[in-house]
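Down below is the structure, laid out as structure tokens.
No hydrogens, no waters, no symmetry mates; every other heavy atom, side chains included, goes into these values. Each chain gets a letter, A, B and so on, in the order its sequence line appears, and its residues count up from 1.
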Number of protein chains: 2
Amino acid sequence: MTDQEALAQAFTALADPTRREIFERVAARPRAVGELADGLPVSRPAVSQHLKVLRDAGLVSARADGTRRIYELDPQGLAGLRDYLDGFWNRSLRAFARAAEQHSHTRQENDR
Amino acid sequence: MTDQEALAQAFTALADPTRREIFERVAARPRAVGELADGLPVSRPAVSQHLKVLRDAGLVSARADGTRRIYELDPQGLAGLRDYLDGFWNRSLRAFARAAEQHSHTRQENDR
DNA sequence: GGCATTGGTAAGTCATAACTTACGGTAAGT
DNA sequence: ACTTACCGTAAGTTATGACTTACCAATGCC
């Protein structure tokens, strides 16, 4: 899989509001599918399908626990997105950064 | 516009390969619409429509120059995406930090 | 004024993606 | 062994979004 494809999958995965909500729930703490589906306005199979998209994008990973599947956040897909966005930020925006610093953006540069 | 909506627009904007290509061209250097469309496998109106999506997402901005419109990168949308992803990244570090150093700056997010 | 250049918008087509219900397969409880 | 719980996949429907051509407005040039 090329970088472009991986990137497209990751952006596509997080573009859908329901899927982003699922991703955020997984990120908050690892959970089984049924628990993830509880409270969401879609059916459990829909959640399974969303989880597959998130898995293929490298954003979450699953481990078996009996008949349950525990999903947790996968740093890999996240890192790809961060690197991609940071490229634009560092290469093209350093000049603008000061002017745009009304938005106090605190971040560690060495934390990856 | 809520943060959620803004985020959805930004992710959606970058999910499409053609649109991401246009975004990258704009980021490389400010350009007019016709110049952006040159070499792309889609029509110029399609490029205009893509640029509208990117503008609404706060990822690019336009200024008039005669009959031409010069598009350039807009840091605002990029910052929104970075901030969002950094929240999870820091969380991921907490969960997966075995070989990682300790980080003083952590962002608290509410569990849902 | 008349014409060319530039680019945004409208309308319609077509592919895809997000959902539903139905079903099957596997592990655990009794 | 039978039943229950959990979850992934199949098939079908529907909404959305990415594209096309046609058209129109604004600016610059002669």
Side-chain angles (χ1 to χ4, degrees), chain A residues 4-26 29-74 77, chain B residues 4-26 29-74 77:
Chain A
Q4 281 296 318
E5 289 166 346
L7 221 43
Q9 284 188 329
F11 277 120
T12 300
L14 294 181
D16 182 76
T18 301
R19 200 154 48 219
R20 199 168 56 254
E21 169 78 21
I22 293 172
F23 172 72
E24 292 171 6
R25 288 191 182 209
V26 170
R29 92 183 135 78
R31 258 177 280 214
V33 178
E35 190 177 359
L36 286 168
D38 274 349
L40 284 180
V42 295
S43 67
R44 187 199 47 73
V47 174
S48 269
Q49 291 162 5
H50 282 308
L51 284 168
K52 173 169 175 47
V53 174
L54 290 169
R55 257 190 289 117
D56 291 345
L59 288 166
V60 304
S61 62
R63 58 185 153 86
D65 173 32
T67 72
R68 306 194 313 162
R69 297 228 148 194
I70 310 297
Y71 280 82
E72 62 187 351
L73 191 126
D74 184 349
Chain B
Q4 280 297 319
E5 288 167 346
L7 222 43
Q9 285 187 327
F11 277 120
T12 301
L14 293 180
D16 182 75
T18 301
R19 201 154 47 218
R20 199 168 56 254
E21 168 79 21
I22 293 173
F23 172 71
E24 291 171 7
R25 288 190 182 211
V26 170
R29 92 183 133 80
R31 260 178 278 217
V33 177
E35 190 178 357
L36 286 168
D38 274 349
L40 285 181
V42 296
S43 67
R44 186 197 48 72
V47 174
S48 269
Q49 290 162 6
H50 282 309
L51 285 168
K52 173 171 175 51
V53 175
L54 290 169
R55 256 189 288 117
D56 291 346
L59 288 166
V60 304
S61 61
R63 57 185 152 86
D65 174 32
T67 72
R68 307 194 311 164
R69 311 273 282 180
I70 309 298
Y71 280 81
E72 62 186 352
L73 193 133
D74 184 349

If I take atom CZ from residue A:Arg25 and atom CD from residue A:Glu35, how far apart are they, to the nearest 0.5 angstrom? 9.0 Å
Taking only side-chain nitrogens and oxygens of A:Arg19, does any of them come within less than 4.0 Å of OP1 or OP2 of C:dA18? yes
Using a 4.0 Å heavy-atom cut-off, write out nucleotides 8-14 of chain C from 5' to 3' as B (base contacted by protein), S (sugar-phosphate only) or - (no contact). BBBB---
Looking at OG of B:Ser48 and CZ of B:Arg55, how far apart are the two atoms once the value is rounded to the nearest 0.5 Å? 8.0 Å
Hey, does A:Thr18 reach any base, or is it just sugar-phosphate, or nothing, if we go heavy atoms under 4.0 Å? sugar-phosphate
ring-ring contact (aromatic ring centres under 6.0 Å, His included) partners for B:Tyr71, two or more places apart: none
Shoot me the first and last contacting nucleotide of DNA chain D against chain B, ordered 5' to 3', at under 4.0 angstrom to non-hydrogen atoms. D:dA18 to D:dG28
Do the non-hydrogen side-chain atoms of B:Leu51 and B:Ile22 ever get within less than 4.5 Å of each other? yes
Mapping A:Thr67 and A:Ala46 onto DNA chain C by nearest heavy atom, which one lands closer to the 5' end? A:Ala46
With a 4.0 Å cut-off on heavy atoms, is A:Ala64 in touch with a base, just the backbone sugar-phosphate, or nothing at all? nothing
Out of curiosity, B:Gln9 CD to B:Leu54 CG, how far, rounded to the nearest 0.5 Å? 11.0 Å
Rounded to the nearest angstrom, tell me the gap between atom CG in A:Asp56 and atom C1' in C:dA17. 14 Å
Could you check how far CD1 of B:Ile70 sits from C1' of C:dT5, rounded to whole Å? 14 Å
C:dA18 P sits how many Å from A:Leu40 CG, rounded? 15 Å
Only one of A:Leu36, A:Asp38, A:Val33 passes side-chain contact (heavy atoms from CB on, under 4.5 Å) with A:Arg44; say which it is. A:Val33
Between atom CZ in B:Arg68 and atom C1' in C:dT5, what is the gap in whole Å? 11 Å
Closest non-hydrogen atom pair between A:Glu21 and A:Leu40, with its separation: CG-CD2, 3.5 Å
Rounded to the nearest 0.5 Å, how far does CD1 of B:Ile70 lie from CZ of B:Arg29? 10.0 Å
Test item: B:Phe11 and A:Asp16 side chains (from C-beta on) under 4.5 Å apart, heavy atoms: no
Report the base-pairing partner of D:dA1 (Watson-Crick or G-U wobble, both distances below 3.5 angstrom), or none. C:dT30
For the pair made of CD1 in A:Ile22 and C1' in C:dC19, what is the distance, rounded to whole Å? 12 Å
Could you state the atom-to-atom distance from CZ of B:Arg63 to C1' of C:dT6 in whole Å? 16 Å
